[in-house]
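Remarks on the structure that follows.
Here is the naming used below: chain letters follow the sequence lines, and residue numbers restart at 1 for every chain. Small disclaimer: the values here were computed from a predicted structure and weren't measured.
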2 protein chains.
Amino acid sequence: MPLTMKEKILIAAEKRVRSAGFTETSFRDLANDVGIKSASVHYHFPTKPDLGEALVTRYAEQFKAELDKIGLDDLHAALDGFISLYSNAFVLNESICLCAVMGAEAIGLPENVNQRTKAFFELNKAWLEALLVKHGVGDGGDAASLIVAALEGGMIVASASNDRSLFEQVAKAAIRGIGSI
Amino acid sequence: MPLTMKEKILIAAEKRVRSAGFTETSFRDLANDVGIKSASVHYHFPTKPDLGEALVTRYAEQFKAELDKIGLDDLHAALDGFISLYSNAFVLNESICLCAVMGAEAIGLPENVNQRTKAFFELNKAWLEALLVKHGVGDGGDAASLIVAALEGGMIVASASNDRSLFEQVAKAAIRGIGSI
DNA sequence: GTCTATAATTTGATAGAC
DNA sequence: GTCTATCAAATTATAGAC
């Protein structure tokens, strides 16, 4: 099945937002990316908040699909799989997690977008917490919250520093700290 | 000594950037904030990268001044003092850390701005690492990197989720994890 | 240092033809 | 669904008077 124009726009938008930011991404840029005019982009996404909401929703759905592929029986393997999702999302000078961008811009963004960003973080935290509880590690959700925050923050620090190893360092330290939290 | 116009502009700019983002902050907005015209803002900061660089430099200097006030003899008190700096920087629906914003926008920002953002993160990491080493906790800088990343990421997650307790949770978990890293 | 005036570009969004 | 055409507003930045 070939891509619909709506999906093509979302793919182009995700790429731009994850590198330049949401506000910096314009309908005209997206129109050029997919080979139509900006008025036609508005046909698919009437307003920018509409686009933002669809963008984060799709991102969270895809992320959830990847999470569902990770086996939960081996704690270490599962944690590695989880971190790999973040690691793959972070390409130096090219892209960070969509929700790190949306989260940083959150104060100025419409509610419907922020709700979806919040849902993404909750999804991640809930998955991690379930994994830890299953293996009798960590009592509440503190460790899960810490890991999610550290991975998102690690991307931002590493991206600004133009040094990918900073992210790797944080990711490894986050895993090593589990059990004592 | 009364504030210079240059400082007034930086104060207004910091407020706007920390809530709405750097790209969203315009010279006209700042001009209105301080009661002059946008052309006059350009007199003080010829280009936007000039403004961004001055902004992050000033932020890091002020942060360093606060760090220098924290006593290092009591590990727990020092960690609490460190986290308080972040805690105070984070006001729900109003502001997050300037460098969390700049870091999230980093890919699209000019080099001179990113260098200053990187310096801010290095300053934080170095201070924390020195504290931990002094008290014989943590070998390398892994724990320090983790804490900085977790605090920055915690702000972003909490801001997008409109839930300050998420930040508090991450901050506490980050401290509790020290020693095992 | 601040002003007026303006240039050149970009933005989100709409109306209406096809 | 996509187009042309257009709008009203906002953006960074500069020239030159005061």
Here the gap from Y59(A) atom OH to L10(A) atom CG, rounded to the nearest 0.5 Å, amounts to 14.0 Å
So [X], base contact, sugar-phosphate only, or nothing? Heavy-atom distance under 4.0 Å.
X	result
T25(A)	sugar-phosphate
S26(A)	sugar-phosphate
Y43(A)	base
T4(B)	nothing

Atom-to-atom span, [atom1] of [X] to [atom2] of [N] - whole angstrom:
X	N	atom1	atom2	result
N32(A)	dG12(C)	CG	P	13 Å
I9(A)	dG12(C)	CD1	P	14 Å
F27(A)	dC3(D)	CZ	P	15 Å
D50(A)	dG12(C)	CG	P	13 Å
E24(A)	dT12(D)	CD	C1'	14 Å

Looking only at the side chain of [X] (C-beta and beyond, no hydrogens), which of the listed nucleotides [options] gets closest?
X	options	result
S40(B)	dT2(C), dT2(D), dT11(C)	dT2(C)
K37(A)	dA13(D), dT4(D), dT2(C)	dT4(D)
D29(B)	dA13(D), dT11(D), dA13(C)	dT11(D)
A39(A)	dT11(D), dT14(C), dC3(C)	dT14(C)
R28(A)	dT2(C), dA13(C), dT12(D)	dA13(C)
H42(A)	dT14(C), dC3(C), dA13(D)	dT14(C)

So, are R58(A) and E61(A) salt-bridged, with charged N and O less than 4.0 Å apart? no
Modelled atom types, side-chain donor and acceptor of S26(B) and D29(B), under 3.5 Å: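 The answer is yes; a qualifying pair exists.
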Any sub-3.5 Å donor-acceptor pair from D50(A)'s side-chain atoms to F45(A)'s backbone N or O?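 Judged by distance alone, no pair lies under 3.5 Å.
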side-chain N/O H44(B) vs dT2(C) OP1/OP2, d < 4.0 Å: yes
Please determine whether a side-chain nitrogen or oxygen atom of K48(A) lies at a distance below 4.0 Å from atom OP1 or OP2 of dG12(C). yes
Does the side chain of F90(A) reach to within under 4.5 Å of the side chain of C97(A), using non-hydrogen atoms? no
